[in-house]
Amino acid sequence: MATLQSLDRGLRALSLVSLAPEGLTVAEIATRLGTDRATAYRIVDTLEQHALVTRGVGKRVRLGAGAVVFAGRFQPQLVRAAGPVLQELADAAGVAAFLSLAQGDDACVPVLSAEPARQTIFQVSYRIGAGHPLDKGANGIAILALQPAAEGDSAAVRQAREAGYSVTAGELQQGAVGVAAGFEVPHLLGASVGTVAMGEVDVDRLGELVREAAARLARLGRA
């Protein structure tokens with residue numbers, strides 16, 4: 001599929017800046033985009049004119065007020081409805097809960113998280129908006145398990161499809177155990193809801209909890 005190169009570069013630059021809490025220099029943006037500095041400067045200037053980025057201390061490029069406005073407007077029904085369900089899951093499980101969406105054919109992005117009301121000693125936090133390969137982590141594997149069985153499916157995907165939930169250990173963070181269940185959502189490529197914790201967990205119990213949460217969210221997504 002053909003893309004508009006300048007728009008593609010601008011959106012990629014915006015994504016890079018959003019993932020850098022300390023901001024990026026124009027030179028760093030140019031390197032990561034694979035462009036020359038003059039092109040990177042034009043991209044940043046354009047984004048800055050629309051208040052999507054701003055240059056502050058050390059001329060580092062950070063998200064601007066315009067990006068915050070867009071983020072505030074982006075409140076899909078599923079994400080709004082998922083908040084109470086995620087909180088109930090986190091409280092029942094005693095560990096962090098998260099909602100993830102598929103992005104394209106090969107990426108998974110956590111879009112919402114909740115922490116249990118009663119904090120445990122070891123907490124694991126998901127970096128909201130930071131994507132990772134769809135075949136890594138319980139949340140991505142749970143989404144892959146929604147698809148029809150195929151010859152190339154990994155053992156983890158086959159097991160998740162059979163059990164109704166996926167389990168991974170140490171794939172995205174050392175020592176972290178993820179348990180997630182996928183669910184279908186109209187107009188989306190796939191979604192999953194799960195938990196993440198450090199150390200040993202009751203996988204069977206968490207599996208039932210995430211399956212129940214997934215069923216609830218699937219119903220809300222169709223409402």
Side-chain angles (χ1 to χ4, degrees), residues 1-87 96-115 124-137 139-140 143 172-173 185-193 196 217 220-221 223:
M1 181 181 297
T3 60
L4 187 60
Q5 188 180 58
S6 58
L7 178 59
D8 178 71
R9 285 176 173 172
L11 293 174
R12 285 167 56 204
L14 190 60
S15 178
L16 289 170
V17 172
S18 74
L19 295 175
E22 301 302 320
L24 296 172
T25 65
V26 173
E28 289 171 335
I29 292 174
T31 298
R32 298 186 190 191
L33 290 178
T35 66
D36 55 60
R37 292 193 185 187
T39 298
Y41 270 109
R42 289 196 297 272
I43 291 171
V44 171
D45 286 342
T46 301
L47 293 174
E48 194 169 29
Q49 287 175 19
H50 293 275
L52 294 174
V53 300
T54 184
R55 277 176 275 198
V57 179
K59 295 187 177 180
R60 300 187 73 83
V61 182
R62 296 177 173 82
L63 286 180
V68 177
V69 172
F70 279 128
R73 293 171 181 169
F74 182 67
Q75 291 289 334
Q77 181 179 0
L78 173 62
V79 175
R80 289 200 305 269
V85 178
L86 275 189
Q87 191 59 59
F98 55 90
L99 170 71
S100 300
L101 303 179
Q103 180 172 296
D105 296 327
D106 57 4
C108 182
V109 180
V111 296
L112 193 65
S113 66
E115 299 288 342
V124 182
S125 296
Y126 253 70
R127 190 175 180 183
I128 299 304
H132 60 80
L134 198 57
D135 60 356
K136 297 292 184 182
N139 51 353
I143 293 173
L172 299 178
Q173 183 174 339
V185 180
H187 312 302
L188 291 178
L189 296 175
S192 67
V193 60
V196 61
L217 290 172
L220 289 171

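All figures in this text were calculated on a predicted structure; none of them were measured in a lab. Values below: every heavy atom of this structure, side chains too, minus hydrogens, waters and symmetry copies.
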Given the rule in the side-chain contact (heavy atoms from CB on, under 4.5 Å) test, do Val109 and Leu101 qualify, once you have shown the distances and angles that lead to the verdict?
-> CA-CA 5 Å; Val109 180; Leu101 303 179; 5.6 Å; no
Should Ile143 and Cys108 count as side-chain neighbours, where that means a heavy-atom distance under 4.5 Å?
->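 In contact.
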Arg62 side chain to Glu22 backbone, donor-acceptor under 3.5 Å =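 Side chain of Arg62 to backbone of Glu22, a donor-acceptor pair under 3.5 Å: yes, one is there.
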Any donor-acceptor pair under 3.5 Å from Ser18 side chain to Ser15 backbone =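 Side chain of Ser18 to backbone of Ser15: a pair is present.
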Looking only at heavy atoms, which two atoms of Leu134 and Ala107 are closest? And how far apart?
->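 Closest pair (atom of Leu134, atom of Ala107, distance): CD1-O, 3.5 Å.
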Please list, chain by chain and in numerical order, all residues satisfying side chain to side chain contact (heavy atoms under 4.5 Å, CB included) with Leu16, sequence neighbours excluded.
->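 Leu16 satisfies side chain to side chain contact (heavy atoms under 4.5 Å, CB included) with Leu24, Arg32, Leu33 once adjacent residues are dropped.
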For the residue pair Arg60 and Arg55, establish whether any side-chain heavy-atom pair is separated by less than 4.5 Å.
->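 Of all side-chain heavy-atom pairs linking Arg55 with Arg60, none is under 4.5 Å.
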Walk me through it: do Thr35 and Arg9 pass the test side-chain contact (heavy atoms from CB on, under 4.5 Å)?
-> CA-CA 9 Å; Thr35 66; Arg9 285 176 173 172; 3.6 Å; yes
Sub-4.5 Å side-chain heavy-atom contact between Val193 and Leu86 =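 Yes. Closest side-chain heavy atoms under 4.5 Å.
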May I ask you to test the Val61-Thr54 pair for a side-chain heavy-atom distance under 4.5 Å?
->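 The answer is no; the side chains never approach within 4.5 Å.
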Using modelled atom types only, decide if a donor and an acceptor are shared between the side chain of Thr46 and the backbone of Arg42 within a distance under 3.5 Å.
->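 Side chain of Thr46 to backbone of Arg42: a pair is present.
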Would you call Glu28 and Thr25 a side-chain contact if the rule is heavy atoms closer than 4.5 Å?
->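 The answer is yes; the side chains approach within 4.5 Å.
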Yes or no on side-chain contact (heavy atoms from CB on, under 4.5 Å) for Gln5 and Asp8, after CA distance, side-chain angles and deciding distance?
-> CA-CA 5 Å; Gln5 188 180 58; Asp8 178 71; 5.5 Å; no
Stepwise side-chain contact (heavy atoms from CB on, under 4.5 Å) check, Val53 with Leu14 = CA-CA 8 Å; Val53 300; Leu14 190 60; 3.8 Å; yes
From OG1 (Thr39) to CD1 (Ile29), nearest 0.5 Å =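 Rounded to the nearest 0.5 Å, the OG1-CD1 separation comes to 12.5 Å.
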Are Pro110 and Asn139 side-chain neighbours, meaning at least one heavy-atom pair lies under 4.5 Å?
->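 Side-chain contact under 4.5 Å: yes.
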Closest non-hydrogen atom pair between Leu112 and Gly83, with its separation |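 It is CD2-N, 3.9 Å.
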